[in-house]
Each structure stands twice: as C-alpha cells, then as structure tokens.
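Beneath this line is the structure, given in structure tokens, with notes to follow.
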Amino acid sequence: MSDACLAPQTNCTIDTLIQKILVGEKQYDLSKIVSAYELAEKYHHGQKRESGEPYITHPLAVAYILLELGIDTDTICSALLHDVVEDTECTLDELQKSFGTDVAMLVNGVTKLKQVETFTKDEQKAENIRKILLAMSEDIRVIIIKLADRLHNMRTLKYCKESKRRTIAHETMNIYAPIAHRLGISSIKDEFEDLAFQYLDPFAYAEIDRQMSLRKEAREALIEQIKQSIKERLAKDFDPVPQVEGRVKSNYGIYKKVYRDGKDIDQIYDRYAVRVIVNTVTECYYVLGIIHDMFKPIPNRFKDYISTPKSNMYQSLHTTVIGRQGIAFEVQIRTWEMHRTAEYGIAAHWKYKEGVRSNAKDDNRLAWIRRIIESQKESNDVEEIVRAIKNDLAPEDVFAFTPKGDMITLPRGATVIDFAYAIHTQVGHRMCGAKADKKMVPYDYQITTGEIIEILTTNVEGHGPSRSWLNICKTNEAKSKIRSWFKKERREENIVEGREALEREFRRNMIRVPEDELEDFLKMDMHRHNCETLDDFFAAIGYGGVQLSKVIQRLKAEYNKRYGEKNIVESNKAIQTQKKNKNNSGVIVDGIDDCMIKFAQCCNPLPGDEIIGFITRGHGISVHKTDCINYLSQKDNEESAARWINVKWKSVVDSVYFKTTLDIIAVDRIGLLADVSSALAAINIYIHESSSRQLKNGNAILTVTLSIAGMEQLNTVINRIQKIKNVISVERSGK
Ligand code: MN
C-alpha cells in the first residue's frame, strides 16, 4: 500500500534507533534503552542470523518496529532483550535486577511463546495458539512484541530454510494476521498478509504483481487526478484543506477478490481508493455529501462504520463512486483519531495517550481474547481452535440489540441461539423461542444488523438446549456452552448415546472387540481426551467432546494391528458378500439385479409404502412412493412413460435407516420444539435437522427430518408426537 506506515528499515543500528527517538514527540528513557541494547549486544555477540548478519540486527529491527508503533520504554527494552534468555546464558534474574519486573515479565512472556514454536504435532500447535492467547490476555505488550518479532522474521523469510518458509508463512496468515486484525493494527496485518501470500502462492503473486505494474503509470495518474479534483472542491469549504490520500489495494487484497471471489481484475471496485481525513465527525458526513455531489455513488456500497464501528473498533465512512472516466473507486472518510485507530489499533493507546495499561485492560478487543480462551479451554483440536479464531474474526460482523437497547456483536450468519448465549449462559439454556423486530422467528433465524432481538425463556424445571442447536448456532461461545450443559446435566443420557454411537461406528467399520477388552483397546484415546473410565469416554462422545470421525481412523488401524490378518480377511469377505447382494437398499427391482438404487428426495419412501421406480440417466433407479406428486404428474408423460418400472420392498429389510421428514402443525406455544425433541430422544430417534415457522393463522409448523427404520417405527413416532400437548397434526412431508 502506498501509505504504509511501517517502513522496513534496513541495517538498523542503535544509532538509527536513538535518532528515531530523538526526532519523535514521545518521551523515552534513553539511557535504559541503551543499556538494554548493550546487554543484548554483549550476550548475542558472535551469533549470526540465517542471512549472515550479526544476530543483534534482529532485536534492533524488532525494537524499531515497536518504536514506530509508539510503545513504551519497557517494551522497547524487552524487544531488544527478547531473545537473550532463550538463546544465551542470560537469566531472567539478571534482567529483573537491571531493568525491573516489567521487562523481566515481558521477556519471559515472549520466551514462553518461543519454546513451543515447533510445527510438527497438532496438539503442540493447539497448545501454541493457546499460549499466545493466554500471553495476550495477561499483558497485551507480550503479543505486540511477538507481532513485531514475527514481522521482522517475515521480512527476512527468504533467508530461512526453504522447508520452513511455507509453514511459517502459513502460520502468519492463519494466526498472526487475524490477531493483528483483531487488535486493529492494520499496518501489521496488511504487511503480514502480503508477505505470507508471496510464499504461499508465489505464482499468483507474481502474476498479480505483473498485471498491476503493467498499468502502473496510468493508474497513478488516474489517482492523482481524482485526488486533485477532490482537493480543489474541498478548498471551497475548508481552510486548511483536509488531507487527501490515494492508494491502490494491496496485492493480497486483489488476490482475494480475483481468486476467491472469482472477479476480473478490472471489476474490483475498491482497487483504487481515496481517503479523506478531517478533524470532526460532522465534517466526515459533510465531506460525504460533497463526494456524492461530485461523483455518482454506486447503490448499496455505502457503509457507515462511524455510527456502527467494526468489532475491532475500526471507524470510517466507505462509499464507492464512479469517476469521470467511468472507473469506480472507493472513498474512505474518517477523522484523524479514527485514522490512528485504523492504522495502529490497540497500539494507538501508547502512541497517542497516556495511562496505557488500565485502558487496555477494559478494551473490548481484549474481551474477545478472553472469550476464545474460555471457550477453547478443553479442546485439543487445532482445527477447531483455528476455526474459532477465524470464525470469531470474520471481518463483517452483525450487530443487533436487546429490547433494552444493549448492542450485541456477532459474526455474520449468527442465529438467535448465538444471540441468547451472548447475553447470558442461562438465557441460552432457558431459551424457548425468539422474536426479531417483534415477529416470532425459528431457532435457525440468522440475525441481520440493526434488528431488535427478544429471547423468550422458560422456567420449566429441567428445560435445556437441544442437541440440534449445535448444528444451528455459529459462535464457538454458544457451542461450548451447549456442550458443557449436556456434559453436566445429561451424563446418563450421554453415556448411552455415546456408547451407541461408538457401536454404530464400529459396526460400520467392522470392528468387533470383545467387551472385556474394550477398555484396553480404547486406552490411548481415553487418555488423550482425559477420560478415566469407559463411561467418561462414552459420555464425552455423547456430548460431542470427542468426535468419532476424528478417532475412528486410528481405531481402525489399531484394530488391524491387534486383531490381525484374520479379521481383515473376514471383513473383506463380508464386504464382498455385501457387494454381491449389492442392492443394500432393501428394494428389489423387476427384471434387473445389481443396480443402483436411491430414494427420491421429494417423497422419501419407507419400507411398507407402495413404491415405483424411475430409470434415471446415469444415476440408477430412483424410488418414489406411488402417491408422490411427482410420480402422479409424470407417469402419463409419453416421453418418459417407459422409464417407470415396478419395484418392491424385500421381505426383510435389516438395519437400514431412511431419512424421513415430518410436518408437525401445532398451536404455537413456548417449549413446543423442546417437547418434540425430547419425545424423539426418549425413543432414540435421531434428528437430522429441524426448523419451525409461524403460520398465518397463528399456529406453528415444525419440520423435522429423522432417521427411521421402517413404517412400523414411523407409526410409533407419529403416535408419540400426536400425544404432545397442542399438536394438531403430524404428516409426512411432500405427499
Ligand atoms: Mn526473535
């Protein structure tokens, strides 16, 4: 970006550093910084970086970056000393004596982060990320030193061993850039992304670089022209004229739009951007008016981040307009204070304000970090943690209000369940319905910005969340609260469910372990998930703490290792017999054996239904019910008449499950959905998905998709649901 505020400093020496301090406005304890440098120089003496330069150039460069961010004396000293405890004889005691508690504590924090920097094992990675987050929550300066350290390492990544470059770039893109973004330090975040991108996708980078430099002159002239015309117009109303900057989107920003959103490079509206910086908020809106008067705004591209700041505190007005040459460009309008927050984020506290640490502690940006740590306390799953960081980091958040007017910020796509849990854990657990702008909405309703969301709760004893919520809600906070409810409140149920799930998975993979050997067989996974007894392990599967899909591969391997060849041969035989009878669906087709069967989505036939087959092109036979509306409307169609074929159910259909969808109509009331799901849970019916909405006459319709073994079971289910209070009718969908 043309206005990057952190200029890479080559050959940084202590003199450059002192010079920088002397010309700046901020007061530093120069002699403390110089003695920190001298101690670092003494200990690192003779050590070299991978580039061949003396090692001390690295801590100097890190200190320089932090100086640009305007951070305090102790942080600069800690940056100079950040590698001495790890790499040299120097001890924390010595640092404590010479530089005080804060410096020792900061260096210790950074050192602890370094020790786990191995990228091999997943658990270690998870541990690593957790450590980063914990260090951040203790003293934000630790992570800011870490970000500066990583920035210098990324700038010099070309000297690093080739085998490590990609891993480091990957970690930077996935963990450090999001953290910098969340802390609002866009100057570092943008540079992280651009540098990492060069190593992660070198070909695409080169191509974008080539295309961008192709039109470099024309582009710069264009921006210059736009800038000038805006300045001239502003000069009529402002004295002095506000700052007007022009910029081109970063290469990575363009890459995202071209490769991820599939846009043509010429279609990217905000490829060119102009920024106007003024003194007051009122002036922001005034300038917006002028811009819209000068150029034609593109509809729906205006965003007011002043009245609704992003969750990382970013504020500006954004609008996209069409210039005289017919080229669209983005205009950002902000005050100087907003500008500092945008560039330096949380670090702006240090640069422009005093009394830093108490301020930083209450910062919303830190509340987010604490939330992630809290929700990830028990997880060892790296993917999950990285997903948590990224999910909670989605740049576009939505904002909604409680009826009392409190604003709740959630990631895009969040549902009313997420909203309930964001208010309070108990509100989530007791939730029995929700309203958006006074209208009843289903549980999977996705919140949009500006809505007033009211959560309806019940005090019925024993009421709690439903397992299906886990698939509906979006935030990790809600998920982990729901899981921990099940973990605590439903241990008995969890054990039963977990055992059944494991047995099902075993059957599917033809694993047969004698009951008395089971505990020993699962020993390793139990240990890994901190489960002491088999029941603990089943319970963990039941509440979702252990994901079977994640452990089954290892169990399969373990099974083959322990129970050997014989079993493999046997199971292969079993598979072959199954293949021979192929048609595992429970349906016999007239005159054709060995053909592919699938059940039509429109009517989902069950054993016992009257059925008919349709010969599809290339996808085998699709089985419909004879009262299916699609069959009834198509059967007399001349062209396809010959493709309908008689099929019937096999006399014994064993252990095959069918998806069936039911429409339940009921007088709407609190707790209806909860009653239906607990009735189904009581007879061990698995719910794939469910949704509900209100009908015009005030009744509610619940649609649930279930796993059903056959007509007999279906009738049991329907009977059971009909007994629930206020239920009017239960019918299979799509008749
Ligand atoms: Mn370092």
Side-chain angles (χ1 to χ4, degrees), residues 6 8-14 16-17 33 36-69 71 74-92 94-95 99 102-119 124-125 128-129 131-132 135-136 139-161 164-165 167-173 175-177 179-180 183 185 188 191-192 195-196 199 347:
L6 301 178
Q9 185 73 19
T10 41
N11 301 324
C12 185
T13 66
I14 185 65
T16 343
L17 213 60
I33 291 176
Y37 163 76
E38 280 164 355
L39 191 75
E41 160 61 31
K42 183 181 109 193
Y43 277 112
H44 286 304
H45 196 82
Q47 292 180 342
K48 290 256 186 304
R49 295 211 86 205
E50 265 153 336
S51 63
E53 287 179 300
Y55 195 85
I56 191 71
T57 55
H58 168 65
L60 275 168
V62 175
Y64 190 89
I65 293 168
L66 292 168
L67 203 54
E68 285 185 290
L69 290 175
I71 299 190
D74 281 347
T75 313
I76 306 289
C77 293
S78 311
L80 289 166
L81 295 162
H82 81 269
D83 282 331
V84 291
V85 174
E86 170 79 6
D87 299 346
T88 77
E89 314 272 76
C90 183
T91 62
L92 278 176
E94 185 175 354
L95 295 185
F99 300 99
D102 269 25
V103 171
M105 180 268 298
L106 291 173
V107 172
N108 187 30
V110 179
T111 308
K112 271 196 283 184
L113 285 183
K114 265 186 72 174
Q115 280 161 350
V116 274
E117 243 174 52
T118 36
F119 308 98
Q124 262 173 1
K125 268 200 242 169
N128 199 1
I129 297 168
K131 284 205 166 140
I132 295 173
M136 281 162 78
D139 192 313
I140 192 71
R141 291 175 298 175
V142 172
I143 194 63
I144 295 182
I145 298 174
K146 185 69 203 167
L147 292 177
D149 178 40
R150 176 52 63 107
L151 184 57
H152 185 243
N153 288 334
M154 284 301 293
R155 283 176 181 169
T156 52
L157 194 60
K158 61 170 182 271
Y159 299 112
C160 183
K161 275 193 223 101
K164 277 167 78 186
R165 280 183 214 158
T167 325
I168 294 176
H170 203 263
E171 198 189 44
T172 303
M173 185 69 99
I175 295 164
Y176 288 97
I179 288 173
L183 297 177
I185 315 176
I188 290 188
E191 197 174 340
F192 272 159
L195 288 166
Y199 293 96

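Both ligands and their constituent atoms are indexed starting at 1 by order of listing.
- Nearest N, O or S atom of His58 to the Mn ion (ligand 1): atom NE2.
- Put simply, the angle at the Mn ion (ligand 1) from NE2 in His82 to OD2 in Asp83 is close to 80°, to the nearest 10°.
- With no hydrogens or angles considered, no side-chain donor-acceptor pair links Ser78 and Arg141 at under 3.5 Å.
- Side chain of Tyr43 to backbone of Val85: no donor-acceptor contact under 3.5 angstrom is found.
- Looking only at atom types and distance, the side chain of Thr16 has a donor-acceptor partner in the side chain of Thr13 under 3.5 Å away.
- Restricting Asp149 to its N, O or S atoms, the one at the least distance from the Mn ion (ligand 1) is OD1.
- Although no hydrogens or angles enter the test, the distance criterion places no donor-acceptor pair under 3.5 Å between the side chain of His170 and the main chain of Thr167.
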